[in-house]
Undergrad: 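Following this message is one structure expressed as structure tokens.
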Amino acid sequence: RNISFHNEKRKIFFTAIQKAAGIAAEEGVTLNIAIVDDCAQDSCHLSQLLGAYCSACSLALQVSTFTRAADFLRSWKSGVFDLISIDIFLDKDSDTASGIRLAEHIRREDTGCTIIFTTVSPDFALKSYSLKALDYLVKPISTADFSQTMDYYLSMKRSALPIILR
């Protein structure tokens with residue numbers, strides 16, 4: 001996906017923008033994505049969606065999966081992951097939104113991190129946007145919904161503009 005311009009200065013400018021956004025295809029971009037979900041089946045499904053999507057876009061992918069917020073937090077620091085997918089309900093035995101608390105923790109230290117919420121319930125959608133989530137996907141996540149979210153994510157990353165809520 002090379003950008004060709006007649007004006008060399010514009011070409012240099014857009015190449016710099018792509019590099020700053022981490023989307024220079026010729027450099028072998030790897031998306032580093034975390035999935036935080038206590039359901040192995042849901043993590044596997046999301047990993048498969050990510051794999052298929054990145055393969056179709058010729059993007060390398062590194063996926064780290066976590067079943068507990070505490071495990072994720074031990075591996076996380078600001079800037080480590082390009083995108084974090086968080087299940088709203090991380091504890092099967094609880095009806096509290098522990099995924100929301102995890103996102104609040106992330107936001108306190110990293111305001112620019114891209115977060116996508118996944119859940120079986122639409123109940124926390126409004127709260128997710130107050131945390132500046134890119135999207136709120138209700139399970140089971142369809143390929144079409146997931147692809148739309150990733151298309152939007154990559155278009156914002158490629159344009160080097162801040163991600164704006166739809």
Side-chain angles (χ1 to χ4, degrees), residues 1 21-25 27-110 112-158 163 165-166:
R1 297 186 177 186
I23 303 291
E27 292 181 9
V29 171
T30 298
L31 287 179
N32 193 9
I33 299 176
I35 299 172
V36 187
D37 196 317
D38 61 344
C39 178
Q41 184 177 2
D42 290 343
S43 286
C44 183
H45 176 66
L46 192 53
S47 292
Q48 290 170 344
L49 289 172
L50 281 163
Y53 183 88
C54 287
S55 177
C57 294
S58 299
L59 294 170
L61 175 65
Q62 173 67 44
V63 177
S64 301
T65 58
F66 304 90
T67 57
R68 296 180 28 214
D71 296 336
F72 169 78
L73 288 171
R74 277 192 284 278
S75 298
W76 176 79
K77 65 179 180 178
S78 182
V80 169
F81 296 105
D82 299 305
L83 186 139
I84 304 169
S85 170
I86 304 172
D87 182 13
I88 295 287
F89 300 105
L90 289 173
D91 185 355
K92 292 178 184 176
D93 299 326
S94 174
D95 60 351
T96 62
S98 54
I100 292 287
R101 288 194 308 277
L102 175 60
E104 289 170 340
H105 179 87
I106 292 167
R107 278 289 171 253
R108 281 192 295 274
E109 296 185 32
D110 188 348
C113 177
T114 301
I115 295 172
I116 296 173
F117 285 107
T118 60
T119 184
V120 295
S121 169
D123 294 345
F124 294 92
L126 289 177
K127 179 65 176 172
S128 76
Y129 289 105
S130 74
L131 293 166
K132 298 181 179 38
L134 177 71
D135 210 344
Y136 189 93
L137 299 171
V138 178
K139 298 174 186 181
I141 301 168
S142 71
T143 301
D145 287 345
F146 181 77
S147 293
Q148 182 180 14
T149 297
M150 290 302 293
D151 286 347
Y152 183 65
Y153 167 71
L154 289 178
S155 72
M156 293 298 100
K157 200 165 166 90
R158 281 188 178 111
I163 295 178
L165 299 176
R166 297 183 254 162

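The first residue of the sequence shown is numbered 1, and numbering continues consecutively from there.
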Undergrad: Are the side chains of Ile86 and Phe72 in touch, meaning some heavy atoms are under 4.5 Å apart?
TA: no
Undergrad: To the nearest 0.5 Å, what is the distance between OG (Ser142) and NE2 (His45)?
TA: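 Interatomic distance, Ser142 OG to His45 NE2, rounded to 0.5 Å: 7.5 Å.
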Undergrad: Under 4.5 Å between any side-chain heavy atoms of Met150 and Cys57, yes or no?
TA: no
Undergrad: Spell out, as yes or no, whether a donor-acceptor pair under 3.5 Å connects the side chain of Asp110 to the backbone of Gly112.
TA: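 Flag set: sc Asp110 to bb Gly112 pair under 3.5 Å.
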Undergrad: Tell me, which pairs form a side-chain hydrogen bond (donor to acceptor under 3.5 Å, both in side chains) where one or both residues lie in residues 118-127, sequence neighbours left out?
TA: Glu104-Lys127, Ser121-Asp123
Undergrad: Evaluate the side-chain proximity of Cys54 to Leu31: yes if any heavy-atom separation is below 4.5 Å, no if none is.
TA: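 A side-chain contact under 4.5 Å exists here.
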Undergrad: Give, for atom CG of Leu134 and atom CD1 of Ile116, the distance between the pair rounded to the nearest 0.5 Å.
TA: 5.0 Å
Undergrad: Under 3.5 Å, is there a donor-acceptor pair between the side chain of Asp82 and the main chain of Asn32?
TA: yes
Undergrad: Under 30°, 30 to 60°, or over 60°: which ring-plane class applies to Tyr136 and Phe117, parallel, tilted or perpendicular?
TA: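 Tyr136 vs Phe117 ring planes: tilted.
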Undergrad: Would you call Arg68 and Asp38 a salt bridge, taking side-chain N to carboxylate O under 4.0 Å as the test?
TA: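 Not counted as a salt bridge, because no side-chain N and carboxylate O are separated by less than 4.0 Å.
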Undergrad: Just verifying a value: how many Å separate Ile35 CD1 and Thr67 OG1, rounded to the nearest 0.5 Å?
TA: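 With rounding to 0.5 Å, CD1 (Ile35) is 12.5 Å from OG1 (Thr67).
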Undergrad: Going by distance alone, is a donor N or O of one side chain under 3.5 Å from an acceptor N or O of the other, for Tyr53 and Asp151?
TA: yes
Undergrad: Report the residues that fulfil side-chain contact (heavy atoms from CB on, under 4.5 Å) with Ser55, sequence neighbours left out, ordered by chain and then residue number.
TA: none
Undergrad: As an exercise, state the distance from OG1 of Thr114 to CD1 of Ile33, rounded to the nearest 0.5 Å.
TA: 10.0 Å
Undergrad: Would you say the side chain of Leu73 lies within less than 4.5 Å of the side chain of Leu102, judging by non-hydrogen atoms?
TA: yes
Undergrad: Can you give me the closest heavy-atom contact between Glu109 and Ser78, atom names plus distance?
TA: O-OG, 3.8 Å
Undergrad: How far apart are the C-alpha atoms of Trp76 and His105, what are their side-chain angles, what is the distance that settles it, and do they pass the side chain to side chain contact (heavy atoms under 4.5 Å, CB included) test?
TA: CA-CA 11 Å; Trp76 176 79; His105 179 87; 4.2 Å; yes
Undergrad: Between Asp145 and Lys139, does at least one N-O distance fall below 4.0 Å, as a salt bridge requires?
TA: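 Salt bridge flag = no for Lys139 with Asp145.
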Undergrad: Are Val63 and Thr65 packed together at the side-chain level, in the sense that at least one heavy-atom pair is separated by less than 4.5 angstrom?
TA: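 Yes, close enough: below the 4.5 Å cut-off.
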Undergrad: Tell me, do Ile106 and Ile84 make a side-chain contact under 4.5 Å, heavy atoms counted?
TA: yes
Undergrad: Side chains of Thr143 and Leu49: closer than 4.5 Å at any heavy-atom pair?
TA: yes
Undergrad: Just verifying a value: how many Å separate Ser128 OG and Ile100 CD1, rounded to the nearest 0.5 Å?
TA: 6.0 Å
Undergrad: Mind running side chain to side chain contact (heavy atoms under 4.5 Å, CB included) on Phe124 and Tyr129 for me, showing each step along the way?
TA: CA-CA 9 Å; Phe124 294 92; Tyr129 289 105; over 6 Å; no
Undergrad: Enter the distance from Lys132:NZ to Ser130:OG here, rounded to the nearest 0.5 Å.
TA: 7.5 Å
Undergrad: Determine whether Phe66 and Arg74 make a side-chain contact, defined as any pair of heavy atoms from C-beta on separated by less than 4.5 Å.
TA: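 Result no, sub-4.5 Å side-chain heavy-atom pair not found.
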Undergrad: Mind listing the closest non-hydrogen atom pair of Leu90 and Val36 along with its distance?
TA: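 Answer, listing the atom of Leu90 first, then Val36: CD2-O, 3.5 Å.
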